[in-house]
Each structure stands twice: as structure tokens, then as C-alpha cells.
Amino acid sequence: MNEIPYYLQDLNPEQRDAVFHEGKPLLILAGAGSGKTRVVTTKIAYLIREKGVNPRSILAVTFTNKAAREMAERAAAIESAAAGAMLRTFHSFGAWFLRRNGEYAGLSSNFVIYDDDDMVTILGSIIEGKKKNELKLIAKQIARAKDYFFTPESAELSFINHSGEFRKIYAQYEEALRKTGNVDFGDLIKKPVEILRENPGAAERLHSRFRVVMVDEYQDANVAQFELLKAICSPETYLCVVGDDDQSIYRFRGAEVKNILEFPQRFGGADVIRLEKNYRSTAHILDIADSVVRHNAGRLGKKLSAERGTGTKPMLAFLSDQDSEARECAALIDNSVRTKKTSAYSDWAVLYRTNAQSLGFENEFLRRKIPYRIVGSLKFYEREEIKDALALLSFVVNTKDEVSFRRVINKPARGVGAAALERILSERAAADWDIEAACERSGALSATGISVKARAGVNTFIESINRARKILLAVESVKRDNSHCILKAAQGLSCCAAGLIEDSGIAKYHRARDEINGETRVANLQELVNNAALYEATPEGLADFLERIALDRAIEQQEDGEPRVTLITVHNTKGLEFHRVIMTGLEQGLFPRDDKEGDDLEEERRLFYVGATRAMDELYLTSCAYRRMFGQATPMRSSIFLEEADGSKLRIVGTPPYGFNPAALRHSAPKQAAPKETEGQSAAIKRKTSSDGRWQIGDRVFNEDYGYGEITAINEGNEGPVITVCYENGRRQRFLSRAQSSRFMKIKD
DNA sequence: TAGTTTTAAGTTTTT
DNA sequence: CTTAAAACTA
């Protein structure tokens, strides 16, 4: 080999092997930060440039839209022709396939995608007398069944829910869903597999289109996705999957780690390449992550080597409550950005286990004017007014859409009550399940059960839907007649969407709410309409718009170029990296969630591993003694992960909770319960006077209200050590050491 | 029956 | 503290 192309020169031997590999299927076992995205993107470029592979014949599948976009960007940066390759999530690929081949399964191309709430609506319409929570559970189980590729007839369905009733409901649900002409998330994977299996023609077309298939984050594939992968690949297809069993965090969604463990057997003796050099994090950070995940039993087991040197020790901060947590994070970030040249807001990420935790940080960051962005909060699309508007738009595309129709037919009130609604829907059978036609029939029949007022209301509704559709069809036909002259209305779909929202009365309905409650619903509707601007004002453009929203609920980030701190759930950080990471809320019950055991606890550990390995240079962990839950402060125990972590690699600040027993401080014995006897307590005090940042007599302290002071005594109380402080103003204060006052801090020596 | 007020219940994680 | 269900009023 005389010359190696420049873009391959920086790869290590294993990475290069992975890029050059051809022939048999390939499994790349790639640890965190080992450059797997780089391998995949480089491989795409290499195949196009050096091997003459047609970009259109390459399919790369990821699990999140963010990852798909980033991969596309990075591949195109090496080889611009890579823009022709298809980079999608599994679900978005499924939707793409169904829009073209749906007729094999009786689906027309204008379907919309139902979310979990829509599933619940359908279930509510087919079963009586169940509470919403029960319906939610059933919806979840049906989604789970589809993840496992179970049909209502599958014997294995009892694995999800043992009752015969569930089987019946699942079957009824499928029937009701079919009548709407729409699909749920699970169908986006399941239906393509069924079509490909039953229609050799469709399979052959797909096989001849895609010669190279790559899958990122393969450890998160569920059974249905595995089946889809098998159906996409013919014996001639080159298949390459990348994954890391330690980063499997979607078990709750049916992800099966065995997919990756058994890949070589399932795909005819595949080759395996391991990437075990970590180029992202410093050694101390990796040690912390590894020392926790090592407690898992079910793993392949690997040791990443840190290529970036030792670095600084991660910091573990024990704080009093979530308000103090938000303040300390803000202060830490602010201070770092102000004093260090190398630190910018965009280097920082604040990680949390649940979306709800973002609120406290948002408020504090707003107050202190720290610029931030939130990744992946889907609250916007859960708002009532947004769902209403989307339901209207969905009904324009597909008039069989029962869920959307139910939602908006009587909003604003048009006199169409439950009775009239059911009367109309009962006409569907005679109208080929088209609700618009059913409305006409029930009107023409002058049937009983529908008042004059209701009939007029239905007409008004249908008319406004039709006006919107006419606009879309008009634009479409103009476009078809003058294909050379691209008609591009200034606002694209926005105009039509805004028209419908106004015309249907939904805008007025919510405007009234705004005036009464001082909300901003109309502004939200406006934002939704703005987002439609990028789409064509045609039926197809509208379907695209709705699909984007269903599959990628990430709100468009305003790209103003201002560096911002990232607020993000741990799940959402997969595939990302940051110079400085704060993992927050490391408390038992929150992270790990509840008192999880066994496989569930192992998944939470992997989640910790994913979060910690996002950090390149600095890692901070926070744990609060109290957290507000249901509006009131609840005492919290620190996360078990903090005790599993290698304490010798941590800088601990603040007061550890009573009985905190990190791995490095343990003499032997795997797990010691918190000391309960007097003897244990005195041992705890002894540690408190050690040098690791705990309280000891003589420590100088500062309190925002009382000023400077000094610790004069540490006594044993019923609930642990009690600290006594004398302030310079003569005031004395006593508090539990584990319940350190939020207005109280130790002064560094 | 539609809309509001009172009371009870309950925080995963995502396509 | 927010949301869903129940109870209540016009």
C-alpha cells in the first residue's frame, strides 16, 4: 500500500481494520469514546471514494434523530457525496418504507403516526369502564408486544400479559387502528417486516437498492428491529453493526442485549473487531465509570484504556437540597467560565435522570443569566393547544383518523356531544370507514339522535377542513403542471396551517383561555405554525411535517451561535460528549430510580456509565440530602452508585450522609450496612474528623444570614452527629450534619 | 350537559 | 407542585 488517504491516517490499527473490512458481516464492539462514530462515517466515505460504492446504496441506521443528523454531517465533511446515502433512525426508515410500500398492508401513503396518548384514545373507544391508568398500561403492553414482534395470535404474548383478555383487546386494537388508516410506533418496524416477508417483489427491490447496511448503537435494538434488519439484508448485502453492551439503556423499550451478544451466530459467523482505546475521557473519569459498571453481572467485560492521561479527580458534592444543587451548579459553571480561558458555557452539560429535574436548573440559570439549551424536552408537543392543532392537520391528510376527529369535532363547542359523535361514527361502516363521508351520510339520513345544531356544527367543521385541503391540492396541481417552475409560497405550509387553525375556531377557543388565565397558548400555536414554514403547502408536505413531529420531537434550536450550557437527560446524552459534565440527583430512588433490583438495577448502572463517560476533562457528581417531591422536602439517601464508585479517585466536598461508606474507605467486606450501634457511630465521627472535607471541631464556616463562625462541638444525636456553630455575632446554631443548612458553607482552608 | 371547583393521587427513561 | 378523577353548579 503506497499511499494512505489523509482521512485514514489518524485511525488506529483496529479502527482501520474496521474501515477496510469487507465480505462477511462485521460486529464492532466499541467501548465509550473509542471513536465508533468516526469509524462508521469514515467507512461510508471510504466505500464511496475508494470502492466506488454508489452513495444511494448505503443505508446507515441509528436510534436517535440527533445521531442520524450528526452522522450525516460528519460523513459529508469527509466526502460530500455521502450526502446521497440514507441515514435514518429505525422508525424513520420504517416510515419511509411504508409510505412507498404500505399498499401491501392496506395502508395508503397518507397515514399519520399515533403516539402513546393516541393509542390510549383508541383503547378507550373499544373498551368500556376502564380508568385512564389501566388503559395506559394496556397501551404500554401492546407497544411492548410489538417491540417483541408478537401478534395477538402469538403464543409468547403471555410473556407480556398472561390474561386472555389482553390478547382480545390487542386484537381489537389492531382492528380499530387498521380502520383509521394510521399506524403506531410499533407498526413502523413491524409492518415493514411483514411486508418484506410476504412480498418477494418488495424485498427484492429493497435488496437491490441497499448493498451496504450499517447500524449504530446496536445494543439498543429490540427483537422487531432485529427482524427488520434481517429482512433488509440479502445474502449479498454487506452488514456492519456497532455497539457496546455496557451502554444498553433501552431494556424498558424491549432492547435485547442478546442481539449483540449473539450477533456472530445469528449472522453466519460474523467477524468481530474490538475498539478498546478511549480517546475521550481522562483516566480518573473512566475509573469512576468503570468501578460502578463493574458491579454488573451480565456483561461481556472489557477494560478501556485511557489514551488521554490521568486528568483531575472527579468531584462528588453532597448538598442540602435541590435548590442548593441548582445554585452550586450555576456557581461552578459561572466561576469556571469567568476564570478559565479554556472554559466556555458550551463545554458544560448538566445531566439528570428525569425531565422534571430540568426545571430547577432552568430557573436558576435564567436568574443568573447563564445561557442554556434544553435537549429533548417534549413538553411542547404535549400541550393541549398543540395537540388540537396537530389533530386538525392530521384530519386534513387522513379523514379516517378517528382519534383526531374525536379530539377536535366539538372544540370549540359545536353542540356535538357524545351521543351525536357515536351516531356519526356508527355510519362509518357504510362509508368505507371515512369519517367525512360518515358525516355526510348521517346528515342526509336526517337520522334520529342528531340535533339540528349538531348537524350544523359538523358541517362547519367539515367545511373548514375542506377549505384547507383545497389549498393544498391547488398548490400541488400548480406544482405538477409547472414542474420546472417551482412554486414556493413565501411561508410554505405556515399560511395554510395558520388559516385552518383560525378558520376552525381552535385559535379563538385558546385565545379566550389566554385572556382568562393569562397563558400563552396562542403564542405556542404561532410557534408551531412557524415551524411549518419549511414544508411545502401540499398534502405530501403536510404529511412530512406531521411525520417529523411524530418521530423527532426535538424543538428546533435557534442557532444564534451563542455558547450555551446543555441541560439534558442521561438517556439523551448517548453518543454525545462534553468537556465538563455534572451528573445531578445521585440519590437512591431517583438515580437509580425506585428500589430497582436485578436486571433493572444493572440497566441503571449502565445509565450511570453512559453519563459519566460523556465527560472529556471534568466530571462532577451531586447528591442532595433533601429533595422536594410532591411539593414538600423529602429526605434522600445517597445513590448506591456513589458507594460503588472508587472513592480514591474522588474529591468529596460537603457533608456525606450519615453512614456513607464509599468503596475506597472500606477495609474489606463487600457491603456494610449503615452502622447502627454506638460503636459504629463513633467510627462515623472519627471519619468525620478525617481530611476528606467533612466537619470537624474548629472548622471555619460562613452563613449568609449570620456571617462567619466556627464549629465548637460535634455531639451524637438520635439521628446522627449534631454540629454546633458559634457565629462572630454571638449567635449559636445547631444542625444535623447530614442535613447541612443550605445557607451554610465551609470555608476552604 | 357543559363547564367549573374540590379533592385525591402520583413523578422514569424514548422512537 | 402538577394532573386526573369526582363532585358540584348554572
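Naming: A, B, ... by sequence-line order, numbering from 1 per chain. Quick caveat, the model's predicted, so the values are computed rather than measured.
- Taking the ring centroids of A/Phe361 and A/Tyr372, they lie at or beyond the 6.0 Å cut-off.
- Atom-to-atom, CD1 of A/Ile568 to C1' of B/dT12 comes out at 16 Å; the value is rounded to the nearest Å.
- Counting only Watson-Crick and G-U wobble pairs whose two distances sit under 3.5 Å, DNA chain B takes part in these stems of three or more pairs: B:1-10 with C:1-10.
- Using a 4.0 Å cut-off, some side-chain N or O of A/Thr569 falls inside it from OP1 or OP2 of B/dT14.
- Across B/dT13, B/dT14, B/dT11, the shortest atom-to-atom separation from the side chain of A/Phe630 is found for B/dT11.
- Within the 4.0 angstrom heavy-atom criterion, only backbone atoms of the sugar-phosphate kind lie near A/Ala413; the bases stay farther away.
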query = Tell me, for nucleotides 5-10 of chain C in 5' to 3' order, what letter each nucleotide earns: B for a base near a protein heavy atom under 4.0 Å, S for only sugar-phosphate near one, - for neither?
reply = SS----
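- Applying the salt bridge (charged side-chain N to carboxylate O under 4.0 Å, His left out) definition to pairs two or more places apart or across chains, those involving residues 583-592 of chain A are A/Glu587-A/Arg627.
- In this structure, A/Arg593 atom CZ and B/dT11 atom P are separated by 8 Å, rounded to whole Å.
- Not one side-chain nitrogen or oxygen of A/Asn222 sits closer than 4.0 Å to the OP1 or OP2 atom of B/dT15.
- What separates CD1 of A/Ile249 from P of B/dT12 is a distance of 17 Å, to the nearest Å.
- In this structure, A/Phe90 reaches neither bases nor backbone, as no heavy-atom distance under 4.0 Å exists between it and the strands shown.
- For the pair A/Asp220 CG and B/dT13 P, the interatomic distance rounds to 17 Å; values are reported in whole Å.
- Distances were taken from every side-chain heavy atom of A/Glu604 (C-beta onward) to each of B/dT15, B/dT11, B/dT12; the shortest belongs to B/dT12.
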